[in-house]
**Q** 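Here it is, the structure in full.
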There are 2 protein chains.
Amino acid sequence: MDDKRERKLKILNSIIRDYIETAEPIGSRTIAKKYNLGISAATIRNEMSDLEEMGLLIQPHTSAGRIPSQKAYRLYVDELMKISNLNQGLKNEIRDGYSQYVEEIDKAIKHTAKVIAQLTSYTSIVSLPEMDTLNCKHVQLVPIEDERVLMVVVTKENIIKNYELKLSKKVNDSELNKLSNILNHIVKGSAFENIGKDLTQKINDLTLKENELLQEVVPLFKEILLNRKKNSVYSNGVTNILNYPEFFDIVKAKGFLDIIEKKNKIAEVLNQVSKGSLNIVIGSENTVSEFKECSLITATYSLNGKNIGSIGVVGPVRMNYDYVVSVMNFLSSELNKQLNKEEKAKGDDIG
Amino acid sequence: MDDKRERKLKILNSIIRDYIETAEPIGSRTIAKKYNLGISAATIRNEMSDLEEMGLLIQPHTSAGRIPSQKAYRLYVDELMKISNLNQGLKNEIRDGYSQYVEEIDKAIKHTAKVIAQLTSYTSIVSLPEMDTLNCKHVQLVPIEDERVLMVVVTKENIIKNYELKLSKKVNDSELNKLSNILNHIVKGSAFENIGKDLTQKINDLTLKENELLQEVVPLFKEILLNRKKNSVYSNGVTNILNYPEFFDIVKAKGFLDIIEKKNKIAEVLNQVSKGSLNIVIGSENTVSEFKECSLITATYSLNGKNIGSIGVVGPVRMNYDYVVSVMNFLSSELNKQLNKEEKAKGDDIG
DNA sequence: GGTTAGCACTCATGATTAAAGAGTGCTAAC
DNA sequence: GTTAGCACTCTTTAATCATGAGTGCTAACC
């Protein structure tokens with residue numbers, strides 16, 4: 001009985017591999033000729049009929065061969081595919097590519113996105129870490145004009161962010177400088193997610209004449225850091241998708257391009273990624289309807305063991321899962337190493 | 001003799017207008033029926049034959065009607081088209097749309113790009129002002145890590161830019177603060193293009209213990225402001241182009257999308273725009289080969305009478321020139337007004 | 001009983017052909 | 001100079017047909 005299943009899966013495997021490569025339905029005769037499985041076309045035909053009954057194959061029309069169903073891809077991904085390793089030369093090349101981004105997390109992540117898109121020839125999407133997952137290293141207020149002030153935030157992870165504030169009154173340069181120093185002193189070293197708790201109290205402990213202004217900055221600070229999120233995503237290789245027949249239809253192509261532009265939709269997709277190794281979402285398994293004709297392979301990256309963002313690949317359902325998985329496996333582990341290495345180096349530096 | 005030319009142009013005008021609308025070749029009979037020019041199809045036929053001889057019409061094949069040549073579009077743009085005015089309601093709406101961007105030149109320009117893309121349904125491209133065309137209001141050095149320093153520059157035009165510097169040695173916060181103050185004092189108010197001349201001298205006049213570091217920052221300052229340019233462009237409505245039959249071919253579509261991504265190519269196109277009112281470049285008139293199947297309508301914007309950037313529209317050669325010109329006329333004048341208004345307000349404020 | 005050869009049947013695909021229709025150019029009449 | 005008429009061209013569309021890939025079933029085979 002197990003032997004039977006074995007053979008069916010072998011055939012299914014051939015069909016899926018073939019379809020991923022050619023995007024064309026395949027028939028029993030062709031399978032028999034192309035992949036020598038040691039059985040005749042007629043036998044394959046019988047098995048294919050069974051596989052169709054099991055919901056694993058689909059016949060586009062009576063005489064067109066069969067293509068894998070989504071269920072088949074799921075089975076393939078879960079049981080059948082053999083994940084290979086990238087060759088060592090490529091691995092080294094990728095590793096070297098990171099060298100210049102060691103100290104800047106955002107750039108390292110964008111670089112990862114670029115590499116993924118290049119290697120896979122699909123479209124990569126990544127989320128950049130939200131501020132509330134990071135730690136504050138330095139805050140600086142810079143005057144723009146009258147009551148408009150720029151707040152520059154440098155995180156411990158060397159991410160730099162600018163935020164504009166509007167105070168209630170005009171502040172001159174030296175006042176602002178003083179304010180900046182005080183604020184910096186207070187928030188320096190805190191995790192942003194704790195700033196809510198910490199900050200208000202710390203300020204209350206102080207009794208300074210700048211207190212009034214400070215009181216004003218704090219809620220702005222909090223609001224900005226916590227509300228301006230869920231949209232920091234980045235994509236690469238968007239037009240790669242136009243190379244696949246699935247998207248030769250201009251309407252579908254436009255649909256895809258438009259959805260990739262929608263940062264909030266991409267963020268939604270990337271936020272669903274659960275921690276752990278790789279997530280594979282196939283076609284209609286996608287909860288975001290715009291991706292129902294795509295497959296997604298995503299992974300998370302973390303800092304200090306805390307999950308702070310995701311990287312992913314979007315491609316046609318007929319995706320080269322083996323290869324993409326091997327790419328993502330290597331790149332996500334490599335990215336995590338890079339981030340940790342940085343952490344470690346810094347730790348060494350301080351300690 | 002002039003009457004004859006007149007009639008030919010009338011026919012040509014009808015053909016061009018029709019082709020812009022339908023993207024289909026048009027024949028004499030159809031013209032006679034659709035546009036009542038008071039002459040018969042046969043007469044139109046003769047005239048069309050003449051127009052073809054003059055290089056203004058093209059026959060895709062013997063029995064397919066005719067389409068305008070690029071020469072025809074050029075003639076149309078130069079002599080034939082009637083530029084209408086946008087209706088007052090729309091104008092007001094556009095004006096109102098600027099209100100929130102009054103104080104920030106970059107945002108106002110990006111907003112303009114968005115409005116252009118929306119109104120025209122083509123793709124808009126704009127160049128953002130290069131630093132060397134602007135004036136320095138404030139410089140602030142912010143510590144990142146060890147010898148790495150962030151330089152935040154605020155221009156008089158309220159553009160905010162971040163640059164990373166790498167100094168030769170580690171600088172602590174208070175040193176950096178002092179350095180920042182001195183630097184700020186020196187460069188405040190200067191036009192960036194003069195910083196080369198001014199700065200070195202001003203520093204030589206000073207004899208401070210910070211002089212050494214200062215000497216180091218200056219060349220970095222100059223290099224950054226002058227070399228990091230020609231790539232600050234922005235586009236909007238890229239996928240709009242996929243709505244036009246000229247780009248239904250996936251290869252052409254991909255070509256277009258890819259070229260819009262190439263910031264340097266876009267910058268090249270936008271830098272060629274000569275000052276003055278509107279520039280119209282039709283098809284193969286384009287020196288940048290990738291745009292040989294597109295038309296471009298561009299305009300410049302200026303600050304204090306100095307040309308500091310361009311805005312433009314890219315569309316198929318079969319572009320709705322009248323309308324796009326009217327849109328661009330209004331938007332470029334409006335953008336210039338916004339920029340000048342800001343300048344004025346600031347002048348009042350200071351004086 | 002599973003496997004396979006053989007065969008009739010289905011149906012998309014591609015080629016071929018035919019008809020339709022839009023348009024042209026020319027001629028002759030107005 | 002203008003226009004009606006007409007023959008001719010050539011694309012487009014539909015229709016017809018042959019091809020071939022593929023299926024499912026049956027019967028023979030091991």
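These numbers come from a predicted model, not from an experiment. Here is the naming used below: chain letters follow the sequence lines, and residue numbers restart at 1 for every chain.
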**Q** Could you check how far CD1 of B:Ile67 sits from C1' of C:dG23, rounded to whole Å?
**A**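 Rounded to the whole Å, the gap is 15 Å.
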**Q** Scan for salt bridge (charged side-chain N to carboxylate O under 4.0 Å, His left out) pairs involving residues 31-42 of chain A, sequence neighbours excluded, and state none if there are none.
**A**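 For residues 31-42 of chain A: A:Asp18-A:Lys34.
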**Q** Has A:Ser40 got a side-chain N or O lying under 4.0 Å from the OP1 or OP2 atom of C:dT3?
**A**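 Checking A:Ser40 against C:dT3: no side-chain N or O falls below 4.0 Å of OP1 or OP2.
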**Q** What's the CD1-C1' distance between A:Ile44 and C:dT4, to the nearest Å?
**A**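 My rounded result for the distance is 11 Å.
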**Q** For A:Arg74, enumerate each residue passing the salt bridge (charged side-chain N to carboxylate O under 4.0 Å, His left out) test, keeping only those at least two apart in sequence or located in another chain.
**A**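 Applying salt bridge (charged side-chain N to carboxylate O under 4.0 Å, His left out) to A:Arg74 gives A:Asp78, A:Glu285.
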**Q** May I have the distance from B:Arg5 (atom CZ) to D:dG1 (atom P), rounded to whole angstrom?
**A**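 Rounding to the nearest Å, CZ of B:Arg5 and P of D:dG1 are 19 Å apart.
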**Q** Do B:Arg318 and B:Tyr73 have side-chain atoms, one donor and one acceptor, less than 3.5 Å apart?
**A**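 Per modelled atom types, B:Arg318 and B:Tyr73 side chains form no pair under 3.5 Å.
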**Q** Distance check needed: C:dG23 P versus B:Tyr19 OH, whole Å only.
**A**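 For the pair B:Tyr19 OH and C:dG23 P, the rounded distance is 14 Å.
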**Q** In chain order, what residues pass the ring-ring contact (aromatic ring centres under 6.0 Å, His included) check against A:Tyr244, with sequence neighbours excluded?
**A**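 Result, ring-ring contact (aromatic ring centres under 6.0 Å, His included) vs A:Tyr244: A:Tyr122.
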**Q** Under the salt bridge (charged side-chain N to carboxylate O under 4.0 Å, His left out) test, which residues partner A:Glu293, sequence neighbours left out?
**A**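 Applying salt bridge (charged side-chain N to carboxylate O under 4.0 Å, His left out) to A:Glu293 gives A:Lys252.
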**Q** Quick one: side chains of residues 49-57 of chain A, donor-acceptor pairs under 3.5 Å with protein atoms, not counting sequence neighbours, listed by atom name and distance.
**A**
residue, atom, partner, partner atom, Å
A:Asp50, OD2, A:Lys8, NZ, 3.2
A:Glu52, OE1, A:Arg66, NE, 2.7
A:Glu52, OE1, A:Arg66, NH2, 2.8

**Q** Can you tell me the Watson-Crick or wobble partner of D:dC29, both distances under 3.5 angstrom?
**A**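 Its partner is C:dG2 (Watson-Crick or G-U wobble, both distances under 3.5 Å).
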**Q** I need the CD1-P distance between B:Ile15 and C:dA22, as an integer number of Å.
**A**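 My rounded result for the distance is 18 Å.
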**Q** In this structure, how many angstroms lie between the P atom of C:dG21 and the NE2 atom of B:His61, rounded?
**A**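 Spelled out: NE2 on B:His61 to P on C:dG21 is 16 Å.
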**Q** Using Watson-Crick or G-U wobble geometry with both distances below 3.5 Å, tell me the partner of C:dC30, or none.
**A**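 Base-paired to D:dG1.
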**Q** Once each nucleotide of nucleotides 17-30 of chain D is scored for protein heavy atoms under 4.0 Å, what B/S/- sequence comes out, 5' to 3'?
**A** ----BSBB------
